[in-house]
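Heads up: the structure comes next, in structure tokens.
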Amino acid sequence: MQIREGPARRAAPSAAGALRLPMSAMMLAMFATMASFYVAGRLWQDAQNRVYLIKELDRRTGQGQSAISVDDTLKVVACRQQGKRLASLEMELAAAKHEGFVGKYTPETNGTHSRKKPLIVIGIMSSFGRKNYRDAVRKSWLPTGSMLKKLEEEKGIVVRFIVGRSANRGDTFDREIDDENRSTKDFLILDDHIESDEELPKKTKSFFANAAETFDAAFYAKVNDDIYINVDTLSAMLETHWDKPRVYIGCMKSGEVFSDSTHKWYEPDWWKFGDGKSYFRHASGEMFVISRAVAQFISINRSLLRTYAHDDVSVGSWMIGLAVKHVNEAKLCCSSWPSASAYILDYKFP
């Protein structure tokens, strides 16, 4: 009998072949999992960086929320850092000039003309309704017209009446000052300040800030509009302080802090001056002088510098925390010198 053979059986897969397919799938799965973790980690890190940058911008700008992109955030942070560095370099440059690294009267060339940097910018604090005081100043010690220009060019002394703007911008008060300035050209009008007797400390701060940005002078002075100034004696006195890069010059004084609201010299923040209620040493408000580096500091930090009830106390408070040389200059004390050629200040006008 013939036996028929059936179809040939397929050979059973070996053990090695049986494990190869599951192992390949497992390695693929592990690789995919690791790749997923890597991508997720990078995305998380990028998100954390973005959150940090946004929080940093909020901290620097004082805003609760940030509505700009991360790229803009980076630009803002970089610009702020550059701005701080530039401000620091400007103060260092001003200090270097005072220390003699740059000539005292360095000519600046503008086209075919050259000019000397001013020795001092004097700001005479005036206000609306005080034209008679300004006229008295012009008739006594402040020249007008071409002689005013000559004072600036030959002696390096720039003098300007300092006036703010009216609360009702463009009203009669503003127009009168603008008309007077067109005639005399001896004003520095503070467009960022509202004129008010109660805001004199802020006005003084605005003057120093604007003057430092407008004039590249060695010194800046604030003076009242009822004071007579001997400009020659003032110039000679300032020449003795060229070696002081950061200087604060005035008739230094102290005195009682008045907590009685009815008193003429009432100080609302009297409690900040301690139990003794005595002011720190500061220059009298009739006139005081600061060097360029100090004026630049005021300009850069004007939004951070607080003011008190009186401008002389306010400026003195800013000087306490700085490496500034306080100079008690007797020549800036009114009528303290017997010789007319020796003093700088005098009460000239009623």
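Predicted model only: the values in this text are computed from it and were never measured.
With sequence neighbours excluded, the residues forming a side-chain contact (heavy atoms from CB on, under 4.5 Å) with Leu151 are Pro143, Lys155, Ile157, Val159, listed by chain and number. Scored by the salt bridge (Lys or Arg N to Asp or Glu O under 4.0 Å) test, Glu195 finds Lys203 as partners (sequence neighbours excluded). For Glu199, the salt bridge (Lys or Arg N to Asp or Glu O under 4.0 Å) partners two or more places apart in sequence, or in a different chain, are Lys202. Under the salt bridge (Lys or Arg N to Asp or Glu O under 4.0 Å) criterion, Asp171 pairs with no residue at all, not counting sequence neighbours. Every residue two or more places apart in sequence or in another chain that forms a side chain to side chain donor-acceptor pair (under 3.5 Å) with Ser284 is listed here: Glu286. Every residue two or more places apart in sequence or in another chain was checked for a side chain to side chain donor-acceptor pair (under 3.5 Å) with Thr144, and none qualifies. Applying the salt bridge (Lys or Arg N to Asp or Glu O under 4.0 Å) rule to Arg134 yields the partners Glu180; only residues at least two apart in sequence or on another chain are considered. By the side chain to side chain donor-acceptor pair (under 3.5 Å) test, Arg182 is found to be paired with Asp179, residues two or more places apart in sequence or in another chain being considered. In terms of the side-chain contact (heavy atoms from CB on, under 4.5 Å) criterion, Ser303 has no residue partners (sequence neighbours excluded). In this view, Asp197 satisfies the side chain to side chain donor-acceptor pair (under 3.5 Å) rule with no residue, not counting sequence neighbours.
Ring geometry for Tyr248 against Phe288 counts as perpendicular: the plane angle is over 60°, on a 0 to 90° scale with 30° as the lower cut.
Pairs engaging residues 310-321 under the salt bridge (Lys or Arg N to Asp or Glu O under 4.0 Å) rule: Lys222-Asp311, Lys253-Asp312 [sequence neighbours left out]. Applying the ring pair (Phe, Tyr, Trp, His ring centres under 6.0 Å) test to residues at least two apart or on different chains, the pairs with a partner in residues 156-191 are Phe128-Phe173, Phe161-Phe187.
Scanning all heavy atoms of the two residues, the minimum distance from Asp174 to Ser166 falls at OD1-N, 2.9 Å. The two residues Ala217 and Val121 have their closest heavy-atom pair at CB-CG2, 3.7 Å.
Aromatic pair Phe258/Phe273: centroids not less than 6.0 angstrom apart.
Contact annotation: the side chain of Lys331 approaches that of Thr233 to within less than 4.5 Å [non-hydrogen atoms, C-beta and beyond].
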